[in-house]
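Just so it is clear, the values below take in all heavy atoms, side chains as well, and ignore hydrogens, waters and symmetry mates. Keep in mind it's a predicted model, so treat the numbers as computed, not measured.
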Amino acid sequence: MTRLSSYLLPTEREAPADAEAISHKLMVRAGLIRQVGSGLWSWLPAGWRVHQRVVQIVREEMNAIGGQEMLMPVMHPAEPWRRTGRYEIDELFKLKDRRGAEMVLAMTHEEIVTGHVAAAVRSYRDLPKILYHFQVKERDEPRPRAGVLRTREFIMKDAYSFDRDLAGLEASYAKHIVAYDRMLDRCGLEWYRVESDVGMMGGLGADEYMAPCAAGENEVALAPGYAANVEVARAEAQAVALPAGRPAPEEVSTPGLTTVEAVAGALGVPEGALLKAYPVIRADGSMLLVLVRGDHRVNEIKLANALGAKFRPARPEEIAERLGPPGFIGPVGAEVPILVDDAIGMGGSASYITGANRPDAHLRGVEPGRDFAGERGDVRSVVAGDTVHGAAIRIEPAIEVGNIFKLGTRYSEPLGAGFLDEAGRSQLVLMGSYGFGPARAAAAAVEQFADEHGIAWPRNIAPFDVELVGLGKAGSEERELAERLYGELAAQGLDVLYDDRDAGPGEKFADAELLGCPARATVGRRTLVGGELEVQVRRGRESRSVPLEQAAERVAELWRSLP
RNA sequence: CGGGGAGUGGCGCAGUCUGGUAGCGCACCCGGCUGGGGGCCGGGCGGCCGCAGGUUCAAAUCCUGUCUCCCCGACCA
């Protein structure tokens with residue numbers, strides 16, 4: 001019997017002063033987690049039950065697609081990380097053992113799992129495989145934040161698929177989509193699967209599982225039938241009213257007007273009638289002038305993907321040297337290559353305003369194609385109101401709770417994970433990696449369903465199914481009834497937390513609602529007198545009464561009907 | 001890494017400017033009352049004021065250094 005009087009559940013009336021996010025405040029207040037250091041958290045018993053419930057759901061769904069659970073260490077020799085080129089990552093914790101050997105603390109486990117596969121797999125007959133584990137990840141995050149939403153140490157379910165060819169990888173990936181869709185549903189979360197960036201390291205495709213909530217660090221662009229991380233989202237830009245064209249560009253004086261807003265205001269045109277010039281320096285040291293509409297922003301991830309290489313913004317002195325005074329630069333006459341965003345209309349009678357590459361001057365009547373030339377590309381960030389298939393998109397903040405990624409040979413190649421096919425030819429294994437963060441899933445559930453009274457857990461990941469509140473003094477008749485009901489509820493398969501503390505009813509109710517078990521049953525004098533048990537559904541806080549003689553069955557039935 | 005803020009009892013805070021016996025609310029302990037929404041009365045325990053140096057007759061308070069934490073941004077393979 002889980003008695004609250006002897007359970008470690010230190011609830012707080014007030015949230016920590018430094019907490020911002022709802023999940024941070026409530027998980028601390030409800031006694032689920034406690035901070036140890038920046039980005040380092042302990043899970044107290046009730047919190048750990050939530051985490052374990054998420055873990056079990058994930059485990060069941062991974063097993064259902066043929067995943068094989070294993071366990072790999074957190075501390076690794078540095079060597080395989082050097083081989084894959086990941087030793088240089090700043091977020092990687094590095095240390096030395098007593099002999100001076102270089103070690104790392106794992107951020108993920110591609111190096112190790114691929115090493116095992118490289119050693120064990122010889123033949124196409126050994127493939128495909130899906131291997132996974134739940135293990136601690138260590139990441140030296142520049143800025144941990146918001147309770148368990150972004151931490152330096154956390155448990156991740158990471159899975160890896162190994163296939164002989166692209167069709168096999170696609171099949172493994174499809175299985176993970178099924179598993180992930182199901183685990184997110186079973187966790188009771190609102191979620192989106194969104195297209196995501198494959199990153200600079202390459203990859204054949206990736207999706208992220210996003211749980212929308214205010215504390216989310218990511219943004220997703222959504223329209224009917226469309227969902228993408230704004231890092232990669234593509235959409236039709238909204239039209240903008242452009243000034244009429246002119247026979248040739250014409251200089252206008254714009255003293256001191258270095259921002260799009262200032263120039264548009266002074267000339268009485270919408271910001272979208274300007275072209276924003278964003279000079280970047282590519283890996284080879286050359287400059288590229290990126291142009292986007294004045295009301296748009298350059299999306300550095302899309303730009304990096306379009307260039308297929310890293311770049312950095314140009315420094316003011318580089319801009320001054322190669323183009324003109326920062327704030328007044330533009331494409332006309334520029335002696336550097338130009339990349340023109342797709343949202344900029346080419347040709348036609350309409351025209352844009354651009355910097356003149358001279359102090360305190362802009363040009364109007366600039367027509368792309370006529371007055372300058374450049375390659376085209378989609379390198380801007382979408383904004384709310386852009387359209388996809390004719391429907392306007394909206395942008396929402398969300399927490400990334402899972403991601404799935406077609407790695408290809410990114411790791412099998414440097415680590416030598418190959419096999420022999422039927423023809424006896426040596427081939428590289430095609431890999432996929434699939435992450436899921438139970439702590440983030442739990443925090444997302446708190447974010448999505450909390451109200452002013454506290455947490456309202458989805459049924460499948462609540463710390464307990466039912467909180468049984470025993471009123472009256474210890475040893476009283478109503479307490480005896482409560483203890484009997486505990487046994488009956490447990491016999492129905494319910495996990496029950498029994499509040500047997502010597503505390504007032506108000507405190508018990510407040511704590512129960514803070515902790516947020518999906519149902520609360522109250523046993524007091526009224527229960528004895530009326531012969532009915534009061535049950536409150538946490539989400540919505542509505543109460544109902546069930547006859548005492550069938551109380552356990554009725555509560556179990558009610559519990560099964562909850563979200 | 002840039003900007004801002006904070007370390008005083010378990011939690012939330014005041015006191016610091018203007019140096020002079022370390023305070024408040026909640027929590028906790030004991031006794032009693034109450035017993036369906038954080039209830040009431042009485043009595044208690046608990047703090048080297050983040051740490052280290054310095055100034056001073058005297059430092060939570062002034063000076064120097066240092067550590068830690070939070071928020072915003074950058075970053076996040």
Atom pairs, N/O to N/O, protein against nucleotides 40-45 of chain B, distance under 3.5 Å?
none

Going by side-chain contact (heavy atoms from CB on, under 4.5 Å), name the residues that satisfy it together with [X], two or more places apart in sequence or in a different chain.
X	result
A/Arg143	A/Arg145
A/Glu261	A/Thr259, A/Glu271
A/Ala444	A/Leu189, A/Ala211, A/Ile399, A/Val401
A/Ser286	A/Arg282, A/Asp284

inquiry  = At a heavy-atom distance below 4.0 Å, what parts of residues 510-518 of chain A sit against RNA chain B?
reply    = A/Ala510, A/Asp511, A/Glu513
ask   = Heavy-atom contacts under 4.0 Å between residues 13-30 of chain A and RNA chain B, which residues?
value = A/Arg13, A/Glu14, A/Ala15, A/Pro16, A/Ala17, A/Asp18, A/Glu20, A/Arg29
Taking ring-ring contact (aromatic ring centres under 6.0 Å, His included) as the test, write out the residues that go with [X], two or more places apart.
X	value
A/Trp457	none
A/His133	A/His109
A/Tyr434	A/His176

key: Residue pairs fulfilling ring-ring contact (aromatic ring centres under 6.0 Å, His included) with at least one residue in residues 4-24 of chain A, sequence neighbours excluded   = A/Tyr7-A/Phe464, A/His24-A/Trp41
query = Is the charged tip of A/Arg539 near the ring of A/Phe449: under 6.0 Å from the six-membered ring centre and within 45° of its axis?
reply = yes
A/Ser38 vs B/rU68: side-chain N/O to OP1/OP2 distance below 4.0 Å = no
Just the table, please: protein N/O against nucleotides 30-35 of chain B N/O, every pair under 3.5 Å.
| unit_1 | atom_1 | unit_2 | atom_2 | d |
| --- | --- | --- | --- | --- |
| B/rG35 | O6 | A/Lys473 | NZ | 2.5 |
| B/rG35 | N2 | A/Ala503 | O | 3.1 |

